[in-house]
Amino acid sequence: MKEELLQSKIDLVNEIKDKIENSQSIVFVDNLGLNVADVTELRKQLRENGVEYKVYKNTMLKRAFADAGIEEVNDYLVGPTAIAFGIEDAVQPAKIIHDFAEENDRIEIKAGVLDGKLMSIEEVNALAKLPSREVLIAKMLGSLNAPLNGLATVLSGNIRGLAVALNQIREKKEEETA
């Protein structure tokens with residue numbers, strides 16, 4: 001029985017470590033005092049944006065982060081801690097939790113991890129204020145597309161001018177022959 005319990009703990013630590021290594025960002029949250037409806041709403045918002053939100057024992061988290069080579073987080077793994085794994089998008093966990101905390105004072109961001117580096121509360125809040133990945137991609141594509149649109153306009157203007165000039169020559173020759 002002890003061996004089964006030990007194996008289940010090892011499996012849990014490995015599962016958490018995999019999530020840490022596959023996440024673009026991680027946010028640590030103290031959600032003490034949230035009622036069931038609030039937690040359900042927060043989980044729904046996170047799930048809809050590809051963010052996994054879990055509560056683990058701090059000892060399991062400390063071991064998993066140590067195995068992943070990120071031991072600086074131990075100071076933040078005190079008291080009740082929920083953790084949001086941003087697997088698909090680095091900004092979404094911080095943005096959703098930050099916005100939720102603005103409306104609900106019973107949730108507090110403790111810290112975060114981005115690309116294996118510890119982030120302070122201020123850095124998590126700054127990350128939350130960045131535009132989403134889709135908005136950044138749209139802006140980049142718009143910037144890349146602008147010069148191409150300009151080139152197409154210039155080129156079509158030259159072709160249009162050539163067509164007008166050829167048409168005038170044709171009309172002049174028709175007048176001369178008539």
Side-chain angles (χ1 to χ4, degrees), residues 3-141 143:
E3 291 175 12
E4 290 176 13
L5 181 61
L6 179 62
Q7 186 60 47
S8 68
K9 288 182 178 183
I10 291 170
D11 292 343
L12 179 60
V13 168
N14 287 333
E15 175 188 324
I16 297 168
K17 180 183 172 220
D18 287 342
K19 289 179 186 180
I20 292 167
E21 291 173 343
N22 292 318
S23 295
Q24 294 184 31
S25 70
I26 299 169
V27 177
F28 302 102
V29 179
D30 181 350
N31 64 355
L32 188 64
L34 282 182
N35 60 37
V36 174
D38 290 337
V39 171
T40 302
E41 177 59 27
L42 176 60
R43 285 182 186 271
K44 178 182 173 228
Q45 289 178 25
L46 291 165
R47 188 175 40 253
E48 288 172 352
N49 288 282
V51 178
E52 189 172 334
Y53 186 75
K54 292 274 194 170
V55 177
Y56 297 106
K57 288 187 174 186
N58 288 334
T59 54
M60 297 295 127
L61 288 172
K62 287 176 183 178
R63 287 186 182 158
F65 276 98
D67 288 352
I70 310 170
E71 295 186 43
E72 302 88 18
V73 300
N74 287 350
D75 294 341
Y76 300 97
L77 298 176
V78 177
T81 304
I83 188 166
F85 297 98
I87 296 169
E88 296 174 15
D89 188 347
V91 176
Q92 287 303 322
K95 183 180 287 299
I96 294 167
I97 292 171
H98 175 269
D99 292 347
F100 196 85
E102 294 274 315
E103 299 171 10
N104 194 325
D105 61 349
R106 292 180 302 225
I107 186 170
E108 187 177 305
I109 296 172
K110 291 183 171 186
V113 174
L114 180 65
D115 291 330
K117 305 291 184 230
L118 183 67
M119 292 188 303
S120 66
I121 295 170
E122 294 79 21
E123 291 169 321
V124 173
N125 288 332
L127 180 64
K129 293 175 183 166
L130 288 175
S132 69
R133 181 174 187 244
E134 290 78 20
V135 170
L136 290 173
I137 289 171
K139 286 182 178 183
M140 184 183 76
L141 289 175
S143 296

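For the single chain, residues carry numbers from 1 onward in sequence order.
Contact of the L118 side chain with the I70 side chain is not registered, since no non-hydrogen atoms from C-beta on lie closer than 4.5 Å. Taking 4.5 Å as the limit, every side-chain heavy atom of F100 sits out of range of all side-chain heavy atoms of V29. Counting heavy atoms from C-beta outward, H98 and K95 have side chains that stay 4.5 Å or more apart. Contact check for N35 versus R106: side-chain heavy atoms found under the 4.5 Å cut-off. Proximity of V124 to L114: side-chain heavy atoms (C-beta onward) are nowhere separated by under 4.5 Å. Residues V51 and D89 form no side-chain contact, since every pair of their non-hydrogen atoms from C-beta on lies 4.5 Å or further apart.
Checked by atom type and distance alone, the side chain of Q24 pairs as donor or acceptor with a backbone atom of E88 at under 3.5 Å. No side-chain donor-acceptor contact under 3.5 Å links D30 to the backbone of E108. Between the side chain of T81 and the backbone N or O of G79, at least one donor-acceptor pair lies under 3.5 Å.
Across Q45, R43, K44, a single residue satisfies side chain to side chain donor-acceptor pair (under 3.5 Å) together with E41, and that is Q45.
The heavy-atom pair separating I20 from A68 by the smallest distance is CG2-CB, 3.8 Å. The two residues P93 and G86 make their nearest non-hydrogen contact at CG-CA, 3.3 Å. Nearest heavy atom pair, residue E52 against residue K54, reads OE2-CE, 3.2 Å.
Residue pairs satisfying the ring pair (Phe, Tyr, Trp, His ring centres under 6.0 Å) criterion with at least one member in residues 38-63, sequence neighbours excluded, are absent.
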- Task: Before giving the answer on ring pair (Phe, Tyr, Trp, His ring centres under 6.0 Å), spell out for F65 and F28 the whole-Å C-alpha distance, their side-chain angles and the decisive distance to 0.1 Å.
- Result: CA-CA 12 Å; F65 276 98; F28 302 102; 5.4 Å; yes
